[in-house]
Protein chains: 2
Amino acid sequence: MSAELIRDVALVHFADKGYEGASLQDIATDVGIKKPSIYAHFKGKDDLFLHVANYVFQQEKRKMITLFASRKNYSLEENLVYFFDWIVEENKHNEHAKFLLRVSYFPPAKLYNEVMRIVNPFFADMERLLAKYMRKHSSVENDEKKYLDEALAYITIVDGAVIDLIFSGEDSYYRRVRAIWPIYFKGVQTINN
Amino acid sequence: MSAELIRDVALVHFADKGYEGASLQDIATDVGIKKPSIYAHFKGKDDLFLHVANYVFQQEKRKMITLFASRKNYSLEENLVYFFDWIVEENKHNEHAKFLLRVSYFPPAKLYNEVMRIVNPFFADMERLLAKYMRKHSSVENDEKKYLDEALAYITIVDGAVIDLIFSGEDSYYRRVRAIWPIYFKGVQTINN
DNA sequence: AATAATCTACCTAACGGTCGTTAGTTAAGG
DNA sequence: CCTTAACTAACGACCGTTAGGTAGATTATT
């Protein structure tokens with residue numbers, strides 16, 4: 001399908017240059033068609049962008065759910081450590097991640113509301129997913145607050161490291177992960193006992 | 001001076017809409033002059049943008065150096081905690097931070113090299129500054145690697161929290177700080193003893 | 001001190017180029 | 001026969017930029 005090809009090419013352009021920086025002319029050229037032909041598949045630039053956004057966020061959510069489902073039988077520690085590697089794999093071809101990050105933090109001004117209707121539920125889902133998982137695997141007794149803090153703390157660490165992954169690359173990312181993980185893990189253990 | 005006014009207005013526009021999204025027309029209107037008058041003070045859009053970038057990064061660095069100098073006589077723990085509050089104060093009107101973040105992570109494609117000549121030294125300086133401070137105030141004996149890891153871990157946490165501060169606000173930021181700080185502090189203590 | 005020359009900061013008008021978009025057409029496939 | 005997906009041509013809007021001019025302040029010269 002040509003529509004999907006246009007979407008995939010547009011994804012790269014939007015990820016690299018942002019909404020305003022990307023041009024339909026360049027996208028069409030990369031696809032191998034003329035600019036007005038895009039209008040046979042999408043209503044316009046906005047429509048194309050929102051299609052890409054919906055596609056990326058939905059796909060990313062599906063990946064995450066699959067990951068959590070596939071690793072039910074590992075310990076919490078194993079999974080939290082594994083997750084750092086998984087992120088790197090997912091970002092090897094990192095146009096999806098780049099698009100996701102850019103759209104989340106710097107959405108096109110004119111599409112702010114529409115974009116946030118996609119972004120906000122996504123992050124809420126992610127946080128809920130992780131919190132649910134942590135509650136299930138928590139070693140401490142049902143202290144509601146404690147594992148929510150653990151989840152939020154973990155997310156903070158991941159954010160801080162991922163920023164570096166996308167910006168400075170894998171080596172810099174792992175330097176951060178190796179620095180923070182032992183401290184986080186020891187800290188959680190010590191507090192829980 | 002009119003040049004400084006143009007710079008300050010442009011800073012806001014670039015922070016909110018990015019390089020490609022901001023227009024000289026809108027900037028001029030906000031300043032209260034006509035578009036071509038900008039050319040009396042700057043060579044063009046690129047020149048204006050790079051002036052803003054140099055200004056923001058230099059100012060941010062100066063602020064940071066001043067902070068470190070002013071709190072020489074406090075303990076490491078006190079300062080690391082204080083820093084979280086300091087960041088919030090600095091970001092009350094957060095256009096500087098927003099610009100800094102946007103330019104660092106999503107620099108305009110056509111100015112990539114010029115921008116990186118500003119961005120890279122800045123972050124190198126920041127890391128060096130913190131590491132130097134931590135070595136001086138470290139409670140553990142001169143274990144080179146350990147306080148470097150502590151500094152990097154701390155930076156990771158700050159990054160993860162600041163991301164949230166800028167895009168979700170103060171409340172969300174402090175939720176993260178309160179979640180991660182006790183874990184970090186306990187972790188560092190436990191490892192060092 | 002008066003006048004002439006220069007500089008500063010803005011202006012209007014307009015340029016070429018690119019943008020997203022629309023209209024109308026054509027060729028191929030079910 | 002009609003739908004689909006492509007095309008060409010062209011639209012108006014806006015983009016960054018340049019040319020050229022003007023009023024007012026500053027500086028230099030007589």
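For clarity, every value in this text was computed on a predicted model and none was experimentally measured. Naming convention: chains lettered A, B, ... in sequence-line order (proteins, then strands); numbering from 1 in each chain.
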For the pair Arg176(A) and Asp159(B), find out whether any cationic side-chain nitrogen is under 4.0 Å from an anionic carboxylate oxygen. yes

Donor-acceptor pair, Ser168(A) side chain versus Leu165(A) backbone, under 3.5 Å? no

With each end axis built from five pairs of C1' atoms, what bend angle do you get for the helix from dA1(C)-dT30(D) to dG30(C)-dC1(D)? Round to 10°. 10°

Would you mind telling me which of dA6(D), dC19(C), dT17(D) lies closest to the side-chain atoms of Gln25(A)? dC19(C)

Any Lys34(A) side-chain N or O less than 4.0 Å from OP1/OP2 of dA6(D): no

Return yes if some donor-acceptor pair links the side-chain N/O of Tyr184(B) with the main-chain N/O of Glu150(B) below 3.5 Å, else return no. yes

Whole-Å distance, Ile6(B) CD1 to dA9(C) C1', equals 10 Å

May I ask you to establish whether Lys61(B) and Phe122(B) are in a cation-pi arrangement, using a distance under 6.0 Å from NZ or CZ to the six-membered ring centre and at most 45° from the ring axis? no

Using a 4.0 Å heavy-atom cut-off, does Ala28(A) contact any base of the nucleic acid, only the sugar-phosphate backbone, or nothing at all? nothing

Would you give the length of the straight line joining atom CG of Asp16(B) to atom NZ of Lys98(B), rounded to the nearest 0.5 angstrom? 4.5 Å

Within this structure, what is the CD1-to-P distance between Ile27(A) and dC19(C), rounded to whole angstrom? 10 Å

Taking NZ from Lys45(B) and C1' from dT17(D), how many angstroms apart are they, rounded to a whole number? 12 Å

Arg7(B)/Glu95(B) ion pair, N-O < 4.0 Å: no

Nucleotide nearest Ile33(A) (side chain, heavy atoms from C-beta), chosen from dC7(D), dC10(C), dC15(D): dC7(D)

Nearest 0.5 Å, what's the CG-CG distance between Asp164(B) and Leu152(A)? 7.5 Å

Would you say a side-chain N or O of Ser23(A) is under 4.0 Å from OP1 or OP2 of dT18(C)? no

dC14(D) P sits how many Å from Glu20(A) CD, rounded? 15 Å

Length of the CG-P vector between Asp26(A) and dC19(C), whole Å: 6 Å

Whole angstrom value for the distance that separates C1' of dT18(D) from CG of Leu24(B): 13 Å

Could you list by number each residue of residues 36-43 of chain A showing a heavy-atom separation from DNA chain D of less than 4.0 Å, or answer none if no residue does? Pro36(A), Ser37(A), His41(A)

Out of Phe83(B), Tyr154(B), Phe68(B), which one pairs with Tyr133(B) under the ring-ring contact (aromatic ring centres under 6.0 Å, His included) rule? Phe68(B)

Ring-face cation contact, Tyr74(A) with Arg71(A), 6.0 Å cut, 45° max: yes

